[in-house]
Asker: 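Below: one structure in structure tokens.
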Amino acid sequence: IPNSKQLTIYDFILMLLIDVKPETRELLQLRNFPHRRSLRDMKRFYMDWSHTKIGYKYHRALIEVCGVANKNLKKYL
């Protein structure tokens, strides 16, 4: 059973994912929800990418989401 802090963080993340590009949203959701997958497990979803490229794209997606969050922080709180 999640506690209130976990629910608040989950709500923050969901609100943030609405404002990012669909490609970024898909990559982040596949990697982290409902449980965290490894980069090698992600190859099932991205057959033409290597796990290294998936890792690179994932880190770029995180940077993009952090930029959106920092730019519009008051909107999400």
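Both backbone and side-chain heavy atoms feed into the values below; hydrogens, waters and symmetry mates do not.
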Asker: What's the separation between atom OG in Ser4 and atom CG in Asp11, rounded to the nearest 0.5 Å?
Answerer: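 CG of Asp11 is found 12.0 Å from OG of Ser4.
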Asker: Measuring from Leu39:CG to Thr52:OG1, what's the distance to the nearest 0.5 Å?
Answerer: 8.5 Å
Asker: Are the side chain of Glu26 and the backbone of Glu23 linked by a donor-acceptor contact shorter than 3.5 Å?
Answerer: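 Between the backbone of Glu23 and the side chain of Glu26 there is no qualifying donor-acceptor contact (under 3.5 Å).
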Asker: Under 4.5 Å between any side-chain heavy atoms of Leu27 and Tyr46, yes or no?
Answerer: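 The answer is yes, as the side chains (C-beta and beyond) meet within the 4.5 Å cut-off.
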Asker: For Phe12, is the CZ atom crowded, meaning more than 12 foreign heavy atoms sit under 6.0 Å from it?
Answerer: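 Yes, CZ of Phe12 has more than 12 neighbouring heavy atoms, counting only those of other groups under 6.0 Å.
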Asker: Please check this pair: side chain of Arg25 against backbone of Leu17, looking for a donor-acceptor N/O pair closer than 3.5 Å.
Answerer: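 Yes: the side chain of Arg25 pairs with the backbone of Leu17.
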Asker: When hydrophobic residues are tied together by side-chain contacts of less than 4.5 Å, even through go-betweens, does Ile63 share a cluster with Leu28?
Answerer: no
Asker: Are Ile18 and Val20 connected, step by step, through hydrophobic side chains (Ile, Leu, Val, Met, Phe, Trp, Tyr) whose heavy atoms are closer than 4.5 Å?
Answerer: yes
Asker: Is the backbone N or O of Arg31 less than 3.5 Å from a side-chain atom of Arg37, with the two atoms forming a donor-acceptor pair by type?
Answerer: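 No; zero donor-acceptor contacts below 3.5 Å.
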Asker: Find out whether Phe33 and Tyr10 are in side-chain contact, i.e. whether some heavy atom of one side chain is under 4.5 Å from a heavy atom of the other.
Answerer: yes
Asker: Quick check: closest heavy atoms across Met47 and Arg44, and the distance to 0.1 Å?
Answerer: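 The answer is SD-O, 3.8 Å.
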Asker: To the nearest 0.5 angstrom, please state how far the NZ atom of Lys57 sits from the CD atom of Glu64.
Answerer: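 These two atoms lie 11.0 Å from each other.
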Asker: Quick check for you: to the nearest 0.5 Å, what is the distance between Ile54 atom CD1 and Asp41 atom CG?
Answerer: 10.0 Å
Asker: Answer with yes or no whether the hydrophobic clustering places Met42 together with Tyr56; edges join I, L, V, M, F, W, Y residues whose side-chain heavy atoms lie under 4.5 Å apart.
Answerer: no
